[in-house]
Amino acid sequence: MSSLRPPHGRADGSREHMGRKETDEPMNDDKNASAPAAGATAPAVDLDTLRHSAAHLMAHAVLDLFPGTQAGIGPAVETGFYYDFLRPEPFSSDDLAAIEARMRELADRDIPIVRSEIPKAEAVRLFTERGQTLKVELIQEKGGDIVSTYSQEGFLDFCLGPHVASTGLLKHFKLLSVSGAYWKGDERNVQMQRIYGAVFPTAAELESHLHLLEEARKRDHRRLGPELDLYSTNEDLGGGLILWHPKGARIRAIIEQYWRERHWAGGYDVLYTPHIGREVIFQTSGHLDFYKDSMYAPMDIDGQNYYMKPMNCPFHIQIYKSRMRSYRDLPLRWAELGTVYRYERSGTLHGLLRVRGFTQDDAHIFCTPDQIESEILRVLDFSLSILADFGFTDNKIELSVRDPHNPAKYCGADDRWRQAEASLVKALETRGLPYERMEGEAVFYGPKIDIKVKDALGRHWQCTTIQFDFNMSNRFGMTYIGEDGKEHQPYMVHRALMGSLERFFGILIEHYNGAFPLWLAPVQMMIVPIAERHGAYAEQLAERCRAAGLRPHVDQRREKLAYKIRDAETHKVPLLLVVGDKEAAGGTASLRIHGQGDKGAVEVDGLLARLRSLVDTRSLTVSL
RNA sequence: GCCAGCGUAGCUCAGUCGGUAGAGCGGCGGUUUUGUAAACCGCGGGUCAGGGGUUCGACUCCCUUCGCUGGCUCCA
């Protein structure tokens, strides 16, 4: 149903997009079987070929070391490859090391990789002989009369190719992890073991990729969040439920304040609606028909079933319906920081990025058909402007439209779809924004624009979604009175900018590596008196900071200066103001900026004015 | 939910073959009054995630529940 919430996917750069690309179809298909032949021996190879060949090399090593193992599929992916294996015993990390060592041996021997084209029956016989019944299944499904195979010594694979000429060309790889994966991606099928590996053309690139992984691990919000005392989760509380600590809550409150101000200034009104509602509202909305699996069991209140809301739209619609609406009232732009609860399968929970209770920065725009273009443009501009304030300026935009081959999957009249899509395209083109067209990625009730932000490590995260909805206004019988005095059905757009506050917070923690820009930092300056006798001056200074609308904290502990500095630096406090005899006498403070070091003594009023302006402009860096 | 792995002090981790636990940091107490990334001494702190079982004896072996991790599936 009308989800406002962007998919809770993980970062493109790290996990989610390890999905399949063209080369991940090692299965044969006689239509293309002859095309890649030349590539098989070409000395200059593209990256996917290299990675796919590395997958074969690994399968070769695995089948050598663990006889009886069956191979599934082994495509190239974004940064390397994976290969799925069926084997009763789990692969241990020791096994991984052994497999990698074996791969190096096989690579060192520079074994030629040979393509052959053989009759299907022959292929079936060969793979049956080897006990590779999964491959036989693939051949029978995918193969034409003649199928292609690749072999390197005793290892034989059913594969379209192309591949590198010999194993010696495979040099810079590393096995990373093993995990479960369903045969053919269907959870009703047997579960196999998937081994992931990284492959790059040069040692330097592999090294830099491994370094990126390490960097991502270090700035993982699940590590930084609790470490910086921003949030926690708790076993007794339950999975997927977030406790916002004072510092995290401070950041959230700042974001919420900013969000409200921007919305009011941007022509929105802000709503509040309850967390639960009677069964009937979710029957009308269709959630109980289409969305029940994601909803929690009802609670009985005075003999009536009430549900926790999984979305805010039915509630906003009730407000719309609370009185007659004229075309003169439209557009109505209603926003809410709406807390919703959704059942997510236990295995999918992930820190702040995928939780069971979260707050969407939701909005619904109700408008007339002829307002839709300008409204889309407006919401697009608004979204990009807000994302930019958080430092996300390099975004990827996707336009998700219907699958032209499967119109039955969607509801709503054709002309509405055409108009909706046209207005989305128009908005993107008016702004000259490049976008990727995603056929068949539309939600069933309407097309949408998604914005994925690119973080400091180059990973993409989906935040914003702008979705048409042809369904809700119909189900709830929403109307407005037009110029003609007759009832009309309003157009409805759902949108979320940050997605959910939890998720956005997680992204921000990783993007900034926990070192929030001044306007968001929960503690903006740590004031450090050198000795106890400077405590009073430090407090005075803190008072002046607070009077300037800044957030200081005084470190009155009886510790050495160096200790307090180290502490503030590791907690990523943006500014340090050191005060001792000199400063107290001169009415100054010694300034130290996180990541920049000691800046020497500064005059206080000037500093505060400067900081105030950095906060007001939401500057992402501190420069004086 | 599924496959695999993990869960020992607030945090990071050690703990041999089954004989009921240890370090560093943090915390607390004291000494030190400190000038730009960790002063010194001392002290507490654990139902070894919870429950059940095997055993003379379980942190250790088995079962189970919860939570977490890597993926798969899902992300309407």
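Residue numbers start from 1 in every chain, and the chains themselves are labelled A, B, ... in the order their sequence lines are given, proteins ahead of strands. For clarity, every value in this text was computed on a predicted model and none was experimentally measured.
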* To do: For nucleotides B:rC11 and B:rG26, find the distance between their P atoms and express it as a whole number of Å.
  => 15 Å
* To do: Would you mind classifying the nucleic acid contact of A:Asp567 as base, sugar-phosphate or nothing, using non-hydrogen atoms under 4.0 angstrom?
  => nothing
* A:Lys396/A:Glu436 ion pair, N-O < 4.0 Å -> no
* Structure fact -> Comparing A:Ile565 with A:Tyr343, nearest RNA chain B nucleotide closer to 5' gives the residue A:Tyr343
* Asked: Using the C1' atom in both, what is the distance from B:rG35 to B:rG46, to the nearest Å?
  -> 41 Å
* Rounded to the Å, how far apart are A:Asp94 CG and B:rG5 P? -> 13 Å
* Base, sugar-phosphate alone, or nothing: which one does A:Ser92 contact when heavy atoms must sit under 4.0 Å apart? -> nothing
* Structure fact -> Base-pair string, RNA chain B, Watson-Crick plus G-U, cut-off 3.5 Å on both distances, | for inter-strand, is (((((((..((((.....[..)))).(((((.......))))).....(((((..]....))))))))))))....
* **Whole-angstrom distance between B:rA14 and B:rC6, as gauged at atom P** => 12 Å
* To do: Would you kindly give the NE2-to-C1' distance between A:His221 and B:rU69, to the nearest whole Å?
  => 13 Å
* Please give, in whole Å, the distance from B:rC2 C1' to A:Asn189 CG? -> 12 Å
* Separation of atom CZ in A:Arg557 from atom P in B:rU34, rounded to whole Å -> 19 Å
* Geometric cation-pi criterion, A:Arg194 with A:Tyr82: 6.0 Å, 45° -> yes
* Test: A:Arg592 and A:Asp598 ion pair at under 4.0 Å -> no
* Asked: Heavy-atom count around A:Asp293 CG within 6.0 Å, excluding the residue itself: above 12?
  -> no
* Asked: On a plain distance test, is the side chain of A:Gln193 in donor-acceptor contact with the base of B:rG70 below 3.5 Å?
  -> no
* Nucleotide nearest A:Glu235 when distance is taken to its side chain, options B:rU34, B:rG70, B:rC66 -> B:rC66
* **Under-4.0 Å side-chain N/O to phosphate OP1/OP2 contact, A:His350 with B:rG70** => yes
* To do: Indicate, with a heavy-atom threshold strictly under 4.0 Å, whether A:Gly580 touches base, sugar-phosphate, or nothing.
  => base
* Please work out if A:Ser346 contacts a base, only the sugar-phosphate, or nothing of the nucleic acid, heavy-atom cut-off 4.0 Å. => base
* To do: Provide the distance between the two C1' atoms, one in B:rG44 and one in B:rG30, to the nearest whole Å.
  => 14 Å
* To do: Consider the side chain of A:Ser179, meaning its heavy atoms from C-beta on, and name the nucleotide among B:rC3, B:rG70, B:rG1 that approaches it most closely.
  => B:rG70
* Look at A:Arg222 and B:rG70 and indicate whether a side-chain polar atom (N or O) is within less than 4.0 Å of OP1 or OP2. => yes
* Asked: Under 6.0 Å from the six-membered ring centre of A:Tyr563 and within 45° of its axis: does the NZ or CZ of A:Arg558 meet both?
  -> no
* Asked: More than 12 foreign heavy atoms under 6.0 Å from NZ of A:Lys572: is that the case here?
  -> yes
* Asked: Among the nucleotides B:rG1, B:rG35, B:rA37, which one has an atom lying closest to any side-chain atom of A:Ile530?
  -> B:rG35
* Distance-only donor-acceptor test (3.5 Å): side chain A:Tyr182, base B:rG71 -> no
For nucleotides 38-44 of chain B, tabulate all protein N/O to nucleotide N/O atom pairs closer than 3.5 Å, reporting atom names and distance.
from	atom 1	to	atom 2	distance (Å)
B:rA38	N9	A:Arg566	NE	3.4
B:rA38	N7	A:Arg566	NE	3.1
B:rA38	N7	A:Arg566	NH1	3.3
B:rA38	N7	A:Arg566	NH2	3.1
B:rA38	N6	A:Arg566	NH2	2.6

* Asked: How close or far is atom P of B:rC72 from atom CD of A:Gln191, stated in whole angstroms?
  -> 11 Å
* Within the structure shown, what part of the strands sits under 4.0 Å from A:Glu89 by heavy-atom distance: base, sugar-phosphate, or nothing? -> nothing
* Classify the nucleic acid contact of A:Lys564 as base, sugar-phosphate or nothing, counting any heavy atom under 4.0 Å across all strands shown. => nothing
* Asked: B:rC2 C1' sits how many Å from A:Asp84 CG, rounded?
  -> 14 Å
* Asked: Any donor-acceptor pair under 3.5 Å joining the side chain of A:Arg194 to the base of B:rA4?
  -> no
* Asked: Do A:Lys309's NZ or CZ and the ring of A:Phe315 fall within the cation-pi criteria of under 6.0 Å and 45°?
  -> yes
* Of all heavy-atom pairs between A:Asn189 and A:Tyr182, which one has the smallest distance, and what is that distance? -> O-CD2, 3.7 Å
* Using a cut-off of 4.0 Å on non-hydrogen atoms, how would the nucleic acid contact of A:Ser590 be classed: base, sugar-phosphate, or nothing? -> base
* Asked: Taking the P atom of each, how far is B:rG24 from B:rG19, in whole Å?
  -> 24 Å
* **Inter-nucleotide C1' distance (B:rG45, B:rA23), Å rounded** => 14 Å
* Closest to the A:Thr570 side chain: B:rU36, B:rC75, B:rA37? -> B:rA37
* Asked: Roughly how far apart, to the nearest Å, are B:rC68 and B:rU31 at atom P?
  -> 45 Å
* Electrostatic pair A:Arg437-A:Glu439, nearest N-O below 4.0 angstrom -> yes
* Which sits closer to the 5' end of RNA chain B, A:Gly238 or A:Arg533, going by the nucleotide each is nearest to? -> A:Arg533
* How close or far is atom C1' of B:rC72 from atom CD of A:Glu344, stated in whole angstroms? -> 15 Å
* Output yes when A:Lys184 and A:Asp186 qualify as a salt bridge under the 4.0 Å nitrogen-oxygen rule, no when they do not. => no
* Rounded distance in Å - CZ (A:Arg223) to C1' (B:rC68) -> 14 Å
* **side chain to side chain donor-acceptor pair (under 3.5 Å), paired with A:His494, selected from A:Lys448, A:Gln467, A:His364** => A:His364
* Polar side-chain contact A:Arg354-B:rC74 base: donor and acceptor under 3.5 Å -> yes
* Of A:Lys218, A:Arg223, A:Arg222, which meets salt bridge (Lys or Arg N to Asp or Glu O under 4.0 Å) against A:Asp220? -> A:Arg222
* Across the strands shown, which category fits A:Ala531 at heavy-atom distances under 4.0 angstrom: base, sugar-phosphate, nothing? -> base
* To do: Determine the interplanar angle of the A:Tyr231 and A:Phe505 rings, folded into 0 to 90°, and report it as parallel if under 30°, tilted if 30 to 60°, perpendicular if over 60°.
  => perpendicular
* **Spacing of the P atoms in B:rU60 and B:rA9 (rounded, Å)** => 15 Å
* To do: Give a yes or no on whether a donor-acceptor pair under 3.5 Å exists between the nucleobase atoms of B:rC2, that is its base, and the side chain of A:Glu187.
  => no
